[in-house]
Student: 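Attaching a single structure in structure tokens format; questions to follow.
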Amino acid sequence: MRRACRVRLVILLAALAVLPGSGLAALAAGSGAACGGAPVATAVVAGAGDTPRPALAFERAGTAGRRAPAGALLAGLELPAMAPEGSAEALARRLEGFAGAVAVVYGARVRLDRRDRVAGQVSVALPGGRALWLQGALVAEGLAVTGADAGPCTAALLALEAGARAAGRGPLAGGIFRPAEDDPPQLPGFVILEGRVETVGNAGATTYLNFGADRRTDATVRIFGRNSAGFPAHKDPGRFEGLRIRVRGWAFERDGVDMSVAEHDLIEILDKGRNDR
């Protein structure tokens with residue numbers, strides 16, 4: 001079986017190499033995955049990964065000098081805690097459809113997690129020499145949302161997500177938690193929180209954005225000083241009081257909904273005239 005996988009990978013890569021405009025750099029540039037960095041892994045897709053987070057499984061093949069990855073964690077993608085029932089199944093079906101295709105993973109470095117997966121932006125080769133930026137496609141189809149580890153791809157993914165939400169595409173056109181209207185989601189989980197900041201507080205170097213009158217029971221977003229120091233002026237956390245914002249990240253149940261945010265790109269200002277990202 002291992003030899004068969006290796007032969008299949010060689011054949012597919014050889015076919016890819018002769019396609020017009022192909023090659024790893026062109027594959028990235030043509031698909032939008034160029035924001036992910038340099039290519040760090042190439043493999044044949046076996047189907048969806050068996051994890052709650054969006055992932056691909058790979059067919060293993062012998063790789064000289066290092067262990068071949070068992071799959072790819074799709075960096076920058078999440079399924080939110082407010083996702084409608086059946087969202088995970090819809091995403092898995094979409095990923096299963098790429099079985100047999102060649103995937104290229106782009107990232108800063110090769111580092112396998114405990115499940116032997118490499119994380120990064122993924123481009124998938126399609127018939128006719130075309131390539132598909134997988135994260136961009138899944139977000140544009142409303143099957144996943146922009147996560148907290150998208151790095152330089154964050155702005156592009158947020159724009160695609162906004163388009164999907166405006167068009168009502170996919171099960172995740174909703175999936176937003178509004179503290180003033182909704183019951184708290186099941187936590188811990190990834191949350192897209194949208195609401196008006198009632199008050200801004202500080203404890204040491206940490207800023208707290210409170211979305212209700214009682215910080216012990218309402219939603220709170222914390223921003224540590226080591227992170228806010230790099231925020232642009234229009235996203236100074238001290239200026240958020242009274243503003244409607246959308247913020248995303250992993251949340252826990254601790255005196256209500258408790259979330260911490262490290263990247264300013266994950267905070268969107270929704271009030272008219274203040275929507276710079």
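Just so you know, residue 1 is the first one in the sequence shown, and it goes up from there.
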Student: Does the side chain of Asp255 reach to within under 4.5 Å of the side chain of Thr217, using non-hydrogen atoms?
Tutor: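 In short, these two side chains do not touch, never coming nearer than 4.5 Å.
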Student: Linking I/L/V/M/F/W/Y whenever their side-chain heavy atoms sit closer than 4.5 Å, directly or via other members, would Phe224 and Val191 fall into one cluster?
Tutor: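 No, separate clusters.
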Student: To the nearest 0.5 Å, tell me how far Thr146 OG1 sits from Leu158 CG.
Tutor: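 Result: 4.5 Å between the selected atoms.
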Student: Quick one: does Asp116's side chain get under 4.5 Å of Pro69's, heavy atoms only?
Tutor: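 No, too far: nothing below the 4.5 Å cut-off.
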Student: Same cluster or not: Leu73 versus Leu134, using hydrophobic residues (I, L, V, M, F, W, Y) connected whenever any side-chain heavy atoms lie under 4.5 Å apart?
Tutor: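 In one cluster: no.
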Student: Could you give the distance from CZ (Phe177) to CZ (Phe211), rounded to the nearest 0.5 Å?
Tutor: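 The CZ atom of Phe177 sits 9.5 Å away from the CZ atom of Phe211.
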Student: Any carboxylate oxygen within less than 4.0 angstrom of a Lys/Arg side-chain nitrogen, looking at Glu161 and Arg169?
Tutor: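 No salt bridge links Glu161 with Arg169.
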Student: Restricting to pairs with a member in residues 190-202, which pass salt bridge (Lys or Arg N to Asp or Glu O under 4.0 Å), not counting sequence neighbours?
Tutor: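 Sorted pair list: Arg178-Glu194, Glu194-Arg244, Glu194-Arg246, Arg196-Asp271.
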Student: Report the C-alpha distance between Lys235 and Phe240 in whole Å, list the side-chain angles of each, state the deciding distance to 0.1 Å, and finish with yes or no for side chain to side chain contact (heavy atoms under 4.5 Å, CB included).
Tutor: CA-CA 8 Å; Lys235 285 188 177 178; Phe240 283 162; 4.1 Å; yes
Student: State plainly whether the residues Glu89 and Arg93 are in salt-bridge range, i.e. N to O under 4.0 Å.
Tutor: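 Looking at Arg93 together with Glu89, the answer is no, because their closest N to O distance does not fall below 4.0 Å.
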Student: Provide the closest heavy-atom pair for Leu95 versus Ala48 in the form atom of the first, atom of the second, distance.
Tutor: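 Reported closest heavy-atom pair: CB-CB, 3.8 Å.
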Student: Under a 3.5 Å distance rule, please check whether Arg94 uses its side chain to pair with a backbone N or O of Glu141 as donor and acceptor.
Tutor: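 Absent.
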Student: State, to 0.1 Å, how close Val118 and Ala41 come at their nearest heavy-atom pair, and which atoms those are.
Tutor: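 Heavy atoms only, the tightest pair is CG1-CB, 4.1 Å.
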Student: Please name the pair of heavy atoms, one in Pro84 and one in Leu172, separated by the smallest distance, quoted to 0.1 Å.
Tutor: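 Taking every non-hydrogen atom into account, CD-CD2, 3.8 Å.
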Student: Where is the tightest heavy-atom contact between Ala203 and Tyr208, given as atom of each residue plus distance?
Tutor: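 Reported closest heavy-atom pair: CB-CE1, 3.7 Å.
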Student: Look only at the side chain of Gln135 and the backbone of Val122, and say whether a donor-acceptor pair between them is shorter than 3.5 Å.
Tutor: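 Indeed, once roles are kept as given, a pair shorter than 3.5 Å links the two residues.
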Student: Could you measure the distance from the OG atom of Ser87 to the CG atom of Leu143? Nearest 0.5 Å is fine.
Tutor: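 It comes to 8.5 Å.
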Student: Going only through I, L, V, M, F, W and Y residues with side-chain contacts under 4.5 Å, is there a path from Val257 to Leu266?
Tutor: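 Linked, Val257 and Leu266 end up in one cluster.
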Student: Could you check whether any side-chain N or O of Arg239 sits under 3.5 Å from a backbone N or O of Ala233, counting only pairs where one atom can act as donor and the other as acceptor?
Tutor: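 Judged by distance alone, yes, a pair lies under 3.5 Å.
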Student: Is there a side-chain contact between Leu79 and Val145 in this structure, where contact means two heavy atoms from C-beta onward sitting under 4.5 Å apart?
Tutor: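 Counting from C-beta outward, Leu79 and Val145 never come under 4.5 Å.
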Student: Once rounded to the nearest 0.5 Å, what's the spacing between atom CG of Asp218 and atom CG of Asp258?
Tutor: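 So the CG of Asp218 and the CG of Asp258 are separated by 12.5 Å.
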Student: On a heavy-atom basis, which atom in Ala99 and which in Ala46 lie closest, and how many Å separate them?
Tutor: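 Taking Ala99 first and Ala46 second, the nearest heavy atoms are CB-O, 3.6 Å.
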Student: Check whether any side-chain heavy atom of Ile245 sits under 4.5 Å from a side-chain heavy atom of Leu270, and report yes or no.
Tutor: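 A side-chain contact under 4.5 Å is absent here.
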Student: With side chain to side chain contact (heavy atoms under 4.5 Å, CB included) as the criterion, how do Phe98 and Val124 come out once you've worked through the C-alpha distance, each side chain's angles and the decisive distance to 0.1 Å?
Tutor: CA-CA 8 Å; Phe98 293 105; Val124 178; 3.8 Å; yes
Student: Which pairs would a plain distance check flag for residues 51-58, meaning a side-chain donor or acceptor within less than 3.5 Å of a matching protein atom at least two apart in sequence or in another chain?
Tutor:
{"unit_1": "Thr51", "atom_1": "OG1", "unit_2": "Arg53", "atom_2": "N", "d": "3.3"}
{"unit_1": "Arg53", "atom_1": "NE", "unit_2": "Glu78", "atom_2": "OE2", "d": "3.3"}
{"unit_1": "Arg53", "atom_1": "NH2", "unit_2": "Glu78", "atom_2": "OE2", "d": "2.8"}
{"unit_1": "Arg53", "atom_1": "NH2", "unit_2": "Asp149", "atom_2": "OD2", "d": "3.4"}

Student: Between atom CD1 of Ile223 and atom OG1 of Thr206, what is the distance when rounded to the nearest 0.5 Å?
Tutor: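 With rounding to 0.5 Å, CD1 (Ile223) is 10.0 Å from OG1 (Thr206).
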Student: Is there side-chain contact between Trp133 and Ser123, with heavy atoms separated by less than 4.5 Å?
Tutor: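 When only atoms from C-beta onward are counted, Ser123 and Trp133 do not touch, as no gap falls below 4.5 Å.
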Student: Measuring from Asn202:CG to Thr207:OG1, what's the distance to the nearest 0.5 Å?
Tutor: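 Reported value, rounded in 0.5 Å steps: 4.5 Å.
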Student: Give a yes or no on whether Glu85 atom CD has more than 12 heavy-atom contacts from other residues, nucleotides or ligands under 6.0 Å away.
Tutor: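 Counting other residues, nucleotides and ligands, CD of Glu85 stays at 12 neighbours or fewer.
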Student: Start with the C-alpha distance between Leu138 and Leu91, add both sets of side-chain angles, then the distance that settles side chain to side chain contact (heavy atoms under 4.5 Å, CB included), and finish with yes or no.
Tutor: CA-CA 8 Å; Leu138 295 173; Leu91 175 61; 3.9 Å; yes
Student: Write down the atom of Ala164, the atom of Ala173, and the distance for their closest heavy-atom approach.
Tutor: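 So the minimum-distance heavy-atom pair works out to O-CB, 4.3 Å.
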Student: Partners of Ala140 by side-chain contact (heavy atoms from CB on, under 4.5 Å), sequence neighbours excluded?
Tutor: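 Partners of Ala140 by the side-chain contact (heavy atoms from CB on, under 4.5 Å) criterion, ordered by chain and then number, come out as Leu160.
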Student: For Thr199 and Asn210, test the side chains for any donor-to-acceptor distance below 3.5 angstrom and give the result as yes or no.
Tutor: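 Their side chains do contain a donor-acceptor pair, which is all the 3.5 Å distance test asks for.
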Student: Please check if atom CD in Glu253 has more than 12 non-hydrogen atoms from other residues, nucleotides or ligands closer than 6.0 Å.
Tutor: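 Incorrect, the count does not exceed 12.
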Student: Are Thr42 and Val102 side-chain neighbours, meaning at least one heavy-atom pair lies under 4.5 Å?
Tutor: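 With C-beta onward as the side chain, the pair touches.
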Student: So Glu268 and Arg248, side chain to side chain contact (heavy atoms under 4.5 Å, CB included) or not? Walk me through it.
Tutor: CA-CA 9 Å; Glu268 301 169 81; Arg248 62 190 67 214; 3.2 Å; yes
Student: In the structure I gave you, are the side-chain heavy atoms of Ser260 and Arg222 within less than 4.5 Å of one another anywhere?
Tutor: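 Yes - at least one pair of side-chain heavy atoms lies under 4.5 Å apart.
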